[in-house]
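Accompanying notes for the structure given below.
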Amino acid sequence: MKVGVLALQGDVREHISALIACGVYPTSIRRPSELAAVDALVIPGGESTTIAHLAQIFGLFQPIRARIAAGMPVYGSCAGMILLADEILDAKAGQETFGGLDITVRRNAFGRQVDSFESDINFADGSDTPIRAVFIRAPWVEKIGKDIEVLAEIDSHPVAVRSKRILATSFHPELTGDHRIHRYFIEEVARTALQKVE
Ligand code: GLN
């Protein structure tokens, strides 16, 4: 399985290291031809408006949207979650997303940069050990569609959700050195989705 990391802005390097720790050797994606060569994509945390803007400039916006619509497995953390949501609240005027995940997210839901925090949360991957979650101007999920599974929440706000092929977290597992979420994406989401297609 070839996995790409969208490498326009944000914590690209940290996602690449986390994926390598899970045994996959990811490619950095900056052009449509690079996107066409991967089976699955990771969209890093950063700034969703900047990533969307750069994706337009690099000619990647429509190709990514089309690949997701065609069933490519994707994982997005924080800004990546926003970019995967079908609907955003508190969006910047005219802000567009790649979409594909039937959720409504609220940007900067936990407050401003100074309100960033860390917390141990339960993640529904079958393990009893809580996961350290880092929230940096994070979104939360305000509404979910009927085929969305909630994998983690804080104060009854979902902060990790999935559909069949798409995983999204409000927090940044790429920053903690704990690779459970990346492993979950590779093993439970991407590999499973791709096996069904083969
Ligand atoms: N608040 C940022 C946005 O709207 C996301 C922050 C992050 O990815 N850490 O894109």
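None of the values given here were measured: they were computed from a predicted structure. All residue numbers in this chain count up from 1 along the given sequence. Atoms within each ligand, like the ligands themselves, are counted from 1 in listed order.
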Is any NZ, NE, NH1 or NH2 atom of the basic residue among Glu187 and Arg191 found under 4.0 Å from an Asp or Glu carboxylate oxygen of the other? yes

List, for ligand 1, each N/O atom that has a protein N/O partner under 3.5 Å away, with both atom names and the distance.
{"residue": "ligand 1", "atom": "1 (N)", "partner": "Asn108", "partner atom": "OD1", "Å": "2.6"}
{"residue": "ligand 1", "atom": "1 (N)", "partner": "Arg137", "partner atom": "O", "Å": "2.9"}
{"residue": "ligand 1", "atom": "4 (O)", "partner": "Ser48", "partner atom": "OG", "Å": "3.3"}
{"residue": "ligand 1", "atom": "4 (O)", "partner": "Arg107", "partner atom": "NE", "Å": "2.7"}
{"residue": "ligand 1", "atom": "4 (O)", "partner": "Arg107", "partner atom": "NH2", "Å": "2.9"}
{"residue": "ligand 1", "atom": "8 (O)", "partner": "Gly46", "partner atom": "N", "Å": "2.9"}
{"residue": "ligand 1", "atom": "8 (O)", "partner": "Gly46", "partner atom": "O", "Å": "3.0"}
{"residue": "ligand 1", "atom": "8 (O)", "partner": "Ala79", "partner atom": "N", "Å": "3.0"}
{"residue": "ligand 1", "atom": "9 (N)", "partner": "Ile136", "partner atom": "O", "Å": "2.9"}
{"residue": "ligand 1", "atom": "9 (N)", "partner": "His172", "partner atom": "NE2", "Å": "2.9"}
{"residue": "ligand 1", "atom": "10 (O)", "partner": "Ser48", "partner atom": "N", "Å": "2.5"}
{"residue": "ligand 1", "atom": "10 (O)", "partner": "Ser48", "partner atom": "OG", "Å": "2.8"}

Got a sec, which pairs hit salt bridge (charged side-chain N to carboxylate O under 4.0 Å, His left out) with one end in residues 73-102, sequence neighbours left out? Arg65-Glu96, Asp90-Arg106

Can you give the donor-acceptor pairs under 3.5 Å from side chains of residues 3-26 to other protein atoms, not counting sequence neighbours?
{"residue": "Gln9", "atom": "OE1", "partner": "Glu47", "partner atom": "N", "Å": "2.9"}
{"residue": "Asp11", "atom": "OD1", "partner": "Gly45", "partner atom": "N", "Å": "3.1"}
{"residue": "His15", "atom": "ND1", "partner": "His182", "partner atom": "NE2", "Å": "2.9"}
{"residue": "His15", "atom": "NE2", "partner": "Ser77", "partner atom": "OG", "Å": "3.0"}
{"residue": "His15", "atom": "NE2", "partner": "Glu174", "partner atom": "OE1", "Å": "3.4"}
{"residue": "His15", "atom": "NE2", "partner": "Glu174", "partner atom": "OE2", "Å": "3.4"}
{"residue": "Ser17", "atom": "OG", "partner": "Arg13", "partner atom": "O", "Å": "3.1"}

Can Leu167 be reached from Leu84 by stepping across I, L, V, M, F, W or Y side chains whose heavy atoms are under 4.5 Å apart? no

Modelled atom types, side-chain donor and acceptor of Glu34 and Ser28, under 3.5 Å: no

Pairing residues for Asp120 by the salt bridge (Lys or Arg N to Asp or Glu O under 4.0 Å) criterion, not counting sequence neighbours: Arg132

